[in-house]
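Report on the structure given below.
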Protein chains: 2
Amino acid sequence: MDFYQEKKPVLVALDCIIFGFDKKELKLLVIKRDFEPSKGNWSLVGGFLQPDEDLDISAKNLLQHLTGLSNIFMEQLHCFGNVQRDPGERVISVAYYALIKLEEHDQELVESHNGKWFTLDEMPDLIFDHNEMIMKALQRLRQKARYQPIGFELLPDKFTIPELQLLYEVIHQTNFDRRNFSKKILSKGILKKLNEKQKETSKKGAFLYKFDKKKYEALVVKGFNFEL
Amino acid sequence: MDFYQEKKPVLVALDCIIFGFDKKELKLLVIKRDFEPSKGNWSLVGGFLQPDEDLDISAKNLLQHLTGLSNIFMEQLHCFGNVQRDPGERVISVAYYALIKLEEHDQELVESHNGKWFTLDEMPDLIFDHNEMIMKALQRLRQKARYQPIGFELLPDKFTIPELQLLYEVIHQTNFDRRNFSKKILSKGILKKLNEKQKETSKKGAFLYKFDKKKYEALVVKGFNFEL
DNA sequence: GCAAAAGTGTTCGGGCTACACCCATGA
DNA sequence: TCATGGGTGTAGCCCGAACACTTTTGC
């Protein structure tokens, strides 16, 4: 600090990459800006850090404001700080990513903010470095999903094994053997089997499960490592 | 952004967690501040983001200014942004961590900046949330070392297998079987065996190796995954 | 010749992979 | 009854873990 004497404040933005899973596909929530700058273009959900707000809190508020959800899996992704990233003025942006259960969010609220869900294929170009942010978030999600049970954040509370498998297949862009997958995931002992079946996708119906978070946390304390 | 209308600039600091390995122990570089605030206390190397500098560049400059080194492994760790983290004014800090080869850095330069290397055990209390930053950097280092060959960043260009093993043992705070370790690491095919021996630590001497970065990168392209 | 570190091969068991048949039920 | 998706067991293989003796050489 004897080196950098000058203290010049800069603007700090927050941007949020919001993932959802709609039973078949991974989707991302972006908004069409009806305000300047870049009005009419698509961008991530964002805002500015307020001087009296913790960074993490600020990010949670941002998300809640848009989706009506609180208590969401959300994690800081990266701070983007190239000089020219915002053509207007110098703004650095702290990006967060969130995983939400699609059926729990407030669809009307999202629409009222011009929010729209896109799959990766359909994703329009976004402003500034927001495309880059999404790419980084995707990498992180894939990486993280390998060694932490975060998939459940994207599914309803009750889900079937085939649903869970499909989610992981979509995330990792691959296919798993049904038998091996269910063996592996059940062997972890972190799923509670329910006495209900989900009969929407098949005639026989598939058993519903819940993620047993308490059990998982207890296991982690004992050195347990989730790994797909 | 229709939500957060106010744009109030805040100060953005940079802090750097610098790791080194001195043949036996993992060490961290911190400095004794001879300037206010918190003069006389220990802190991470830090500075402020300048409005005309990219964030990453700024961090590299910071490191180079202190150690005389450029072209260093350095990665953004996390952005710390609690309101009260700096008791003076609102400052958010983007923390980076760096891995350096101890024997290459400019020791005099470090001393002239009141820099000192500490092992984790001897580490004094640091100002603000700098202790937390170190903990997070350690976790990241451990995590990252598992699936990326970053250990070599902490060793001299030429090193022996036993040295490499010790480094990984220190990072992961465990012991490995000598036979299994060398088998595993050599089987990756990313080490070049040299025709020299290092005879400092044993009478027989141990063969020196180099990390074959080109080969590693070529393998990565083909889908190779380093894993310890 | 002895102490201290380096180098190396084999065995065993557990986990991952590959693979196929039966079950339940709505139409 | 048939088509569709759900559920489950087994055999082989590979990889990781455990383990001990020989080599070199400075003293």
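Every chain is numbered from 1, with letters handed out A, B, ... down the list of sequences.
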What's the [atom1]-[atom2] distance between [X] and [N], to the nearest Å?
X	N	atom1	atom2	result
A/Lys197	D/dG5	NZ	P	15 Å
A/Lys193	D/dG7	NZ	P	7 Å
A/Phe207	D/dG7	CZ	P	7 Å
B/Lys199	D/dT23	NZ	P	17 Å
B/Lys188	D/dC15	NZ	P	11 Å
B/Glu163	C/dA5	CD	P	14 Å

Applying the side chain to side chain contact (heavy atoms under 4.5 Å, CB included) test to A/Trp117, which of A/Gln107, A/Lys27, A/Glu122, A/Glu25 qualifies?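 Single side chain to side chain contact (heavy atoms under 4.5 Å, CB included) partner of A/Trp117 among A/Gln107, A/Lys27, A/Glu122, A/Glu25: A/Lys27.
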
Residues from residues 164-186 of chain A lying under 4.0 Å of DNA chain C - heavy atoms: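 When residues 164-186 of chain A is checked for heavy atoms under 4.0 Å from DNA chain C, the hits, listed by number, are A/Asp177, A/Arg179, A/Asn180, A/Lys183.
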
Contact class for B/Thr160 (heavy atom, under 4.0 Å): base, sugar-phosphate, or nothing?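 No contact.
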
First of B/Tyr209 and B/Lys203 reached from the 5' end of DNA chain C, by closest nucleotide: B/Lys203

Return each pair, listed once, that meets ring pair (Phe, Tyr, Trp, His ring centres under 6.0 Å) where at least one residue sits in residues 177-206 of chain A; pairs must be two or more places apart or across chains.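 Those involving residues 177-206 of chain A are A/Phe176-A/Phe181.
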
For the residue pair B/His172 and B/Tyr168, does the interplanar ring angle fall in the parallel (under 30°), tilted (30 to 60°) or perpendicular (over 60°) class? parallel

Can a donor-acceptor pair be found between the side chains of B/Gln139 and B/Gln143 at a distance below 3.5 Å? no

Do A/Lys204 and C/dA24 have a side chain to base donor-acceptor pair shorter than 3.5 Å?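 No such pair is found, so the answer is no.
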
What about A/Phe159 and A/Phe152, are their ring centers closer than 6.0 Å?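 Between A/Phe152 and A/Phe159, which both carry aromatic rings, the centre distance is below 6.0 Å.
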
Per the salt bridge (Lys or Arg N to Asp or Glu O under 4.0 Å) rule, what does the pair list look like for residues 189-207 of chain A, sequence neighbours excluded?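 Qualifying pairs, neighbours excluded: A/Lys158-A/Glu196.
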
